[in-house]
Amino acid sequence: MKNMVITGATGDIAREIINQVTGYNLILLSRHTESLQGVSDYLYQVDLSDETSIMQTCQEISQKFGTIDVLINNAGYGMFNDFLSEGNKDIRQVFEVNVFAMMTVTKAFLPDMIAKKSGKIINIASIASYMATAKTTSYAASKFAVRGFSNALRQELYTANVGVLVVNTGPVLTKFHADNPDYLSRVGKHAVTAEYVAKKIVNNLETQKMELNIPWQFNISRLFATVFPELTEKITRRFFNLK
């Protein structure tokens with residue numbers, strides 16, 4: 001059995017990955033593990049904003065399981081407010097979970113992957129890392145950081161046979177938007193299910209693909225934005241500032 005670590009394991013995408021994947025010891029990290037009882041025998045309750053707790057948990061996992069074959073940094077946190085209304089503490093919390101925790105977990109398991117010359121790191125980012133919209137300042141900035149970190153790390157690991165896959169999702173039908181119920185109804189047919197995103201991820205566990213951009217409509221928009229940034233901002237102001 002191979003070993004797979006998933007952070008933010010109570011999230012909808014994580015739960016769908018758990019349902020679909022086979023052949024792995026599923027090592028699940030979450031701040032709340034109650035709902036994961038019976039899903040896996042390997043549950044670790046951890047606060048991803050607490051670096052000491054993260055390192056202790058990762059060390060315990062490494063001692064028990066050895067090398068991790070797949071690490072999925074799924075944990076994510078976001079606020080959708082005007083920038084001036086966001087407190088500095090709240091902004092730092094977004095970066096603690098979305099960026100610093102991801103880097104800490106990755107650093108904990110990466111040396112064994114490099115030594116074994118095998119492994120896969122999957123970081124869940126966002127289409128917002130290409131196309132930021134109003135009321136996503138801290139969230140979009142953190143996802144830009146996730147993508148930038150992932151791309152740089154992939155270059156460092158080129159000769160180590162450790163892959164890095166970035167998953168940029170557009171709107172997904174998950175509880176992530178529970179505090180903004182009108183958003184998903186507005187984006188309508190452009191939203192995809194967590195099951196669909198998980199299937200794309202599971203299908204690429206053994207591939208060399210560097211990036212998944214989901215759904216395809218937003219992938220096209222992403223490509224358009226890189227060529228026509230000024231026009232894209234005009235369009236997003238009119239059609240995508242829906243949060």
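The minimum heavy-atom distance between Ile6 and Ala14, with the atom names listed, is CG2-CB, 3.8 Å. The minimum heavy-atom distance between Tyr139 and Gly78, with the atom names listed, is CD1-CA, 3.8 Å. Closest approach of Lys209 to Lys120, counting heavy atoms only: O-NZ, 4.4 Å. In this structure, Arg15 and Ser35 approach most closely via the heavy-atom pair NH1-O, 3.5 Å. Ser150 and Val164 get closest at one heavy-atom pair: O-CG1, 3.7 Å.
Taken to the nearest 0.5 Å, the CE atom of Met102 stands 8.5 Å off from the CG atom of Leu153. Interatomic distance, OG1 of Thr133 versus CE of Met131, reported as 8.5 Å (0.5 Å rounding). To the nearest 0.5 Å, atom CG of residue Asp12 and atom OG1 of residue Thr193 are 10.0 Å apart. In this structure, CG in Asn151 is found 9.0 Å from OG in Ser129, a value given to the nearest 0.5 Å. Rounded to the nearest 0.5 angstrom, Asn73 CG and Ile122 CD1 are separated by 9.5 Å. From Ile18, atom CD1 reaches atom CG of Leu26 across 6.0 Å, with rounding to the nearest 0.5 Å.
Between Val21 and Leu205 the shortest side-chain heavy-atom distance falls below 4.5 Å. Between Ile27 and Asn3, some side-chain heavy-atom pair lies under the 4.5 Å cut-off. Using a 4.5 Å heavy-atom cutoff, the side chains of Thr33 and Leu28 are not in contact. For the pair Ile13 and Ile201, the minimum side-chain heavy-atom distance is below 4.5 Å. The closest side-chain heavy-atom distance from Val46 to Ile54 is below 4.5 Å. Considering only heavy atoms from C-beta on, Met103 comes within 4.5 Å of Phe149 through its side chain. Here the side chains of Ile68 and Met113 are in contact, with some heavy-atom distance below 4.5 Å. Contact annotation: the side chain of Met1 never approaches that of Tyr24 to less than 4.5 Å [non-hydrogen atoms, C-beta and beyond].
Note on residues 85-135: no pairs pass ring-ring contact (aromatic ring centres under 6.0 Å, His included), not counting sequence neighbours. Applying the salt bridge (charged side-chain N to carboxylate O under 4.0 Å, His left out) rule to pairs touching residues 100-118 yields Asp69-Lys116, sequence neighbours excluded. Legend: side chain to side chain donor-acceptor pair (under 3.5 Å) pairs involving residues 49-63, not counting sequence neighbours, sorted by first then second residue: Asp47-Ser49. The ring-ring contact (aromatic ring centres under 6.0 Å, His included) pairs that include a residue from residues 34-75 are Tyr42-Phe65, where partners are two or more places apart or lie in different chains.
Following chains of ILVMFWY side-chain contacts shorter than 4.5 Å, one can reach Val146 starting from Leu29, so the two form part of one hydrophobic cluster. No path of Ile, Leu, Val, Met, Phe, Trp and Tyr side chains, each step under 4.5 Å between heavy atoms, connects Val197 with Met210, placing them in separate hydrophobic clusters. Hydrophobic clustering (side-chain heavy atoms under 4.5 Å, transitive across Ile, Leu, Val, Met, Phe, Trp, Tyr) keeps Val166 apart from Tyr196. Met55 and Ile121 fall into different hydrophobic clusters, where Ile, Leu, Val, Met, Phe, Trp and Tyr residues are linked whenever their side-chain heavy atoms come under 4.5 Å apart, directly or through other members.
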Worked check of side-chain contact (heavy atoms from CB on, under 4.5 Å) between Leu48 and Arg31: CA-CA 7 Å; Leu48 290 180; Arg31 186 170 54 178; over 6 Å; no

Please determine whether side-chain contact (heavy atoms from CB on, under 4.5 Å) holds for the pair Asn25 and Met4, giving the CA-CA distance in whole Å, both sets of side-chain angles, and the decisive distance to 0.1 Å. CA-CA 6 Å; Asn25 292 315; Met4 176 183 288; over 6 Å; no

Start with the C-alpha distance between Asn74 and Thr7, add both sets of side-chain angles, then the distance that settles side chain to side chain donor-acceptor pair (under 3.5 Å), and finish with yes or no. CA-CA 5 Å; Asn74 172 74; Thr7 70; 5.8 Å; no

Ile17 and Val202: side-chain contact (heavy atoms from CB on, under 4.5 Å), yes or no, with the steps? CA-CA 7 Å; Ile17 293 172; Val202 171; 4.3 Å; yes

Please walk me through it: do Thr137 and Asn81 pass side-chain contact (heavy atoms from CB on, under 4.5 Å)? CA-CA 8 Å; Thr137 48; Asn81 304 302; over 6 Å; no

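Among Ile214, Thr169, Val167, Asn213, the one residue that satisfies the side-chain contact (heavy atoms from CB on, under 4.5 Å) test with Lys200 is Ile214.
The side chain to side chain donor-acceptor pair (under 3.5 Å) test applied to Ser142 returns Asn98, not counting sequence neighbours. Qualifying side-chain contact (heavy atoms from CB on, under 4.5 Å) partners for Thr159, counting only residues two or more places apart in sequence or in other chains: none.
Judged by distance alone, with hydrogens and angles left aside, the side-chain atoms of Lys199 form no donor-acceptor pair with the main-chain N or O of Ala194 at under 3.5 Å.
No side-chain donor-acceptor contact under 3.5 Å links Ser126 and Asn168. A side-chain donor-acceptor contact under 3.5 Å links Asn204 and Thr207. Asp90 and Ser138 share no side-chain donor-acceptor pair at under 3.5 Å. Between the side chains of Gln45 and Ser30, no donor-acceptor pair is found at a separation under 3.5 Å.
In this structure, Arg147 is positioned above the aromatic face of Phe144, its NZ or CZ under 6.0 Å from the six-membered ring centre and within 45° of the axis.
Annotation for Gln208: atom CD does not count as buried by contact number, only 12 or fewer foreign heavy atoms lying within 6.0 Å. Arg154 CZ: more than 12 foreign heavy atoms inside a 6.0 Å radius. Glu195 CD: 12 or fewer foreign heavy atoms inside a 6.0 Å radius. Other residues, nucleotides and ligands place more than 12 heavy atoms under 6.0 Å from the CD atom of Glu34.
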